[in-house]
There are 2 protein chains.
Amino acid sequence: MEKIDAVAALAALAQDNRLDVFRLLVQAGPDGMAAGAVAEALDLAPNTLTFHFDRLRMAGLATVRREGRSMIYAARFETMNALVGFLTENCCGGTSCTPAPACKPARKRSRVPA
Amino acid sequence: MEKIDAVAALAALAQDNRLDVFRLLVQAGPDGMAAGAVAEALDLAPNTLTFHFDRLRMAGLATVRREGRSMIYAARFETMNALVGFLTENCCGGTSCTPAPACKPARKRSRVPA
DNA sequence: TCCATATTTCAACGATTATTGAAATAAAGG
DNA sequence: CCTTTATTTCAATAATCGTTGAAATATGGA
């Protein structure tokens, strides 16, 4: 990941509500979550939310798709992964200090018995 | 690390010049680097630099000490480590996805033979 | 078609940001 | 004490940010 992309991703996450939004999307997993559901969960005005979604999207941290009347937003784990990799590399002075961790979707859609 | 601290650290790193400053401090290691040396290395005005140092310090990402006429700034690896830990945990939906990586001073003068 | 739902667009607004220039402060050396 | 060096403080500025309210757009259903 390039520095410019890292700065963009950092800026996207460096805001209270937006970090909450992203965390919620991460928890929602790869299937994503409708904008309205996020709005309700975090008690945010829908237009405010659109603003934040845009930021996340510009930073490559989220994707959208339409599904009926709803817009479904999903986290882009690949970017998050690259960001953590960038930080890990750059917090250790050029020489690697640890292999980058893997950021994967929350959990498989498997339903746990019991 | 609390969310509020993570947001502060993210915001501190989410700026071109400031990210450069922090990277330089990381490379400088635990002994740190004089403000003037950073100013020269990155070609930044000294007052601008003071502003950025303050941000890093407020976010817990740097420390200062006076040494003669110079102010020596050093990266706080502990905070950076905690931030990467926070991101790693929170990019994986609450359940851990990988153990947090370790962020250590650039090079340790280790007694590595060979 | 008309209506309700879901979301976006747009124009404001105050708040914060990064940068600058000028002046102040702190320490070291003559 | 005076001067130089190193850095900070302060006030001003343009730019960007996050939020709001009102209006627009898109979709699905009666």
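We name chains A, B, ... by the order of the sequence lines, and we start the count at 1 in each one. Any value given below was found using the heavy atoms of this structure, including those in side chains, with hydrogens, waters and symmetry copies removed. Just so you know, these numbers come straight off a predicted model, no measurement behind them.
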Is [Y] close to [X] at the side-chain level, that is, under 4.5 Å between some pair of heavy atoms?
{"X": "A:Phe22", "Y": "A:Gln15", "answer": "no"}
{"X": "A:Met1", "Y": "A:Thr79", "answer": "yes"}
{"X": "A:Val21", "Y": "A:Leu49", "answer": "yes"}

Review point. Reading nucleotides 8-18 of chain D from the 5' end, what letters show protein touch, with B for base, S for backbone sugar-phosphate only, - for no heavy atom under 4.0 Å?
Key: BB-------SB

Point to revise | A:Ser70 vs D:dT27: side-chain N/O to OP1/OP2 distance below 4.0 Å | key: no

Testing the basics here: between [X] and [Y], what is the closest heavy-atom pair and its distance to 0.1 Å?
{"X": "A:Ala8", "Y": "A:Ala59", "value": "O-CB, 3.7 Å"}
{"X": "A:Ala74", "Y": "A:Gly32", "value": "CB-CA, 3.7 Å"}
{"X": "B:Tyr73", "Y": "B:Ala35", "value": "CE1-CB, 4.0 Å"}

Between [atom2] on [N] and [atom1] on [X], what's the gap in Å once rounded to a whole number?
{"X": "A:Asp16", "N": "D:dT19", "atom1": "CG", "atom2": "P", "answer": "9 Å"}
{"X": "A:Arg65", "N": "C:dT7", "atom1": "CZ", "atom2": "C1'", "answer": "16 Å"}
{"X": "B:Leu10", "N": "C:dT17", "atom1": "CG", "atom2": "C1'", "answer": "17 Å"}
{"X": "B:Glu40", "N": "D:dT5", "atom1": "CD", "atom2": "C1'", "answer": "14 Å"}

Review point. With a 4.0 Å cut-off on heavy atoms, is A:Ala39 in touch with a base, just the backbone sugar-phosphate, or nothing at all?
Key: nothing

Review point. If an axis is fit to five pairs at each end of the helix from C:dT1-D:dA30 to C:dG30-D:dC1, what is the angle between the two, to the nearest 10°?
Key: 10°

**Study point:** salt bridge (charged side-chain N to carboxylate O under 4.0 Å, His left out) pairs, two or more places apart, involving residues 39-56 of chain A
**Key:** A:Asp54-A:Arg57

Review point. Of A:Arg69 and A:Ala45, whose nearest nucleotide on DNA chain D comes first from the 5' end?
Key: A:Ala45

**Study point:** B:Phe53 CZ to B:Thr63 OG1 distance, which is reported to the nearest 0.5 Å
**Key:** 10.5 Å

